Amino acid sequence: MSEIATARPRTLEIEVLRHNPSDPASTPRLERFEIEEADGMTLFIALNEIRENQDPTLQFDFVCRAGICGACGMLIDGRPGLVTLAPLPVFRLIGDLSVDTGAWMQGMAERLETWVHMREQEPDLGALEERMEPALAEEIYELERCIECGCCVAACATAHMREDFVGAAGLEKIARFRLDPRDTRTDEQFYELIGDENGVFGCMTLLGCEDHCPKNLTLSTQIAFLRRKMLIAAS
Ligand code: SF4
């Protein structure tokens with residue numbers, strides 16, 4: 001959506017895929033809304049304006065407005081003038097543009113145990129945390145930038161075919177915890193979590209994940225690295 005001020009504001013046409021799966025009478029349909037463009041108008045402002053002035057039942061998710069929380073993922077065609085919006089596929093539809101990425105991410109996190117597995121020991125409240133090399137901390141931080149928006153999963157052909165595929169979001173988390181020296185899991189234990197077609201061998205290298213990740217994470221590189229490591233370990 002252009003942010004350039006013009007003498008006469010443009011009329012924006014926004015098509016939204018509407019559907020409420022909890023209403024048996026609802027059928028998926030495209031609905032078109034028209035609004036007048038304003039200076040600095042973002043998609044969030046446009047959708048809010050539609051909800052406030054045209055249809056209070058329109059469902060969509062936005063929280064932080066800063067590209068951090070990952071709640072606002074949706075399909076956008078990107079053409080100026082007419083914008084068509086649809087909910088992210090793969091995830092459970094709540095209604096209209098709102099999908100339940102949280103349940104999917106939680107299921108993936110539980111399967112892959114995406115937390116630091118530390119050695120059981122008595123907590124020493126006075127002890128300082130062990131120092132980590134800045135270069136390694138930087139590498140881990142880079143993978144921590146994932147906001148769990150689900151765009152990589154929605155853009156992934158494998159995720160459309162395999163319900164249990166952990167997606168680039170899951171595989172990059174394994175890459176992240178594998179790097180963490182505080183995590184006591186061995187490579188073999190990590191590989192066991194992702195060493196099948198619902199993990200690293202389900203990826204068809206179509207690069208949809210990397211093309212659509214709003215945080216520009218190097219997802220295909222991470223997946224290729226894990227796959228290479230696993231093949232070397234198995235040979
Ligand atoms: S890897 Fe990128 S696209 Fe996938 S969930 Fe994380 S931020 Fe979103």
Side-chain angles (χ1 to χ4, degrees), residues 42-44 47 60-78 83-94 97-116 136-180 183 190-191 193-195 197-230:
T42 63
L43 201 47
F44 170 73
L47 285 172
F60 57 93
D61 297 312
F62 280 88
V63 182
C64 71
R65 300 181 61 187
I68 295 168
C69 72
C72 62
M74 61 184 72
L75 296 187
I76 305 169
D77 70 6
V83 179
T84 298
L85 305 177
L88 289 183
V90 179
F91 304 101
R92 184 180 71 81
L93 179 66
I94 295 171
L97 302 172
S98 176
V99 293
D100 189 356
T101 49
W104 191 97
M105 291 291 169
Q106 185 177 343
M108 175 274 286
E110 284 169 359
R111 269 193 296 150
L112 299 184
E113 302 186 10
T114 57
W115 55 87
V116 177
L136 178 58
E138 192 64 37
E139 227 179 312
I140 292 174
Y141 170 72
E142 176 60 23
L143 295 171
E144 277 286 342
R145 292 193 305 108
C146 171
I147 55 172
E148 301 192 353
C149 62
C151 292
C152 59
V153 179
C156 171
T158 304
H160 285 245
M161 294 185 293
R162 287 184 175 277
E163 203 180 323
D164 290 333
F165 183 56
V166 299
L171 295 171
E172 74 91 31
K173 285 189 183 355
I174 291 295
R176 178 253 176 270
F177 287 101
R178 192 182 156 276
L179 279 181
D180 197 318
D183 201 310
F190 282 122
Y191 298 159
L193 294 167
I194 54 162
E197 295 197 328
N198 286 324
V200 81
F201 295 111
C203 171
M204 298 187 284
T205 325
L206 300 176
L207 305 183
C209 55
E210 193 156 316
D211 286 349
H212 294 90
C213 174
K215 292 297 181 184
N216 299 320
L217 294 177
T218 55
L219 300 169
S220 60
T221 308
Q222 297 301 332
I223 295 170
F225 177 78
L226 285 172
R227 192 184 281 175
R228 213 166 42 244
K229 282 279 182 195
M230 289 177 69

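Both ligands and their constituent atoms are indexed starting at 1 by order of listing. The model shown is predicted, which means the values in this text are computed figures rather than measured ones.
- Shortest contact from atom 4 (Fe) of ligand 1 to any protein heavy atom: C152 SG, 2.3 Å.
- Contact between L219 and C213 at its shortest, heavy atoms only, is CD1-CB, 4.0 Å.
- The 12-atom threshold is exceeded at CZ of F44, counting heavy atoms of other residues, nucleotides or ligands nearer than 6.0 Å.
- Side chain of T114 to backbone of K173: no donor-acceptor contact under 3.5 angstrom is found.
- Contacts between V153 and ligand 1 below 4.0 angstrom, taking non-hydrogen atoms only, are absent altogether.
- Interface atoms of ligand 1 facing I147, defined by a heavy-atom separation under 4.0 Å, are 6 (Fe), 7 (S).
- In the vicinity of L219, heavy-atom distances shorter than 4.0 Å reach the ligand 1 atoms 1 (S).
- The 12-atom threshold is exceeded at NZ of K215, counting heavy atoms of other residues, nucleotides or ligands nearer than 6.0 Å.
- Taking every heavy atom of E148 and a limit of under 4.0 angstrom, the matching atoms of ligand 1 come to 5 (S), 6 (Fe).
- Among the backbone and side-chain atoms of C149, no N/O/S atom is found under 2.8 Å from atom 4 (Fe) of ligand 1.
- At least one heavy atom of G150 sits less than 4.0 Å from an atom of ligand 1.
- In summary, the atoms of ligand 1 found under 4.0 Å from a heavy atom of C213, numbered by their order in the structure, are 2 (Fe), 3 (S), 7 (S).
- Every atom of ligand 1 is numbered from 1 in the order shown, and the set under 4.0 Å from a heavy atom of L217 is 1 (S).
- Using a 4.0 Å cutoff on heavy atoms, P214 counts as a contact of ligand 1.
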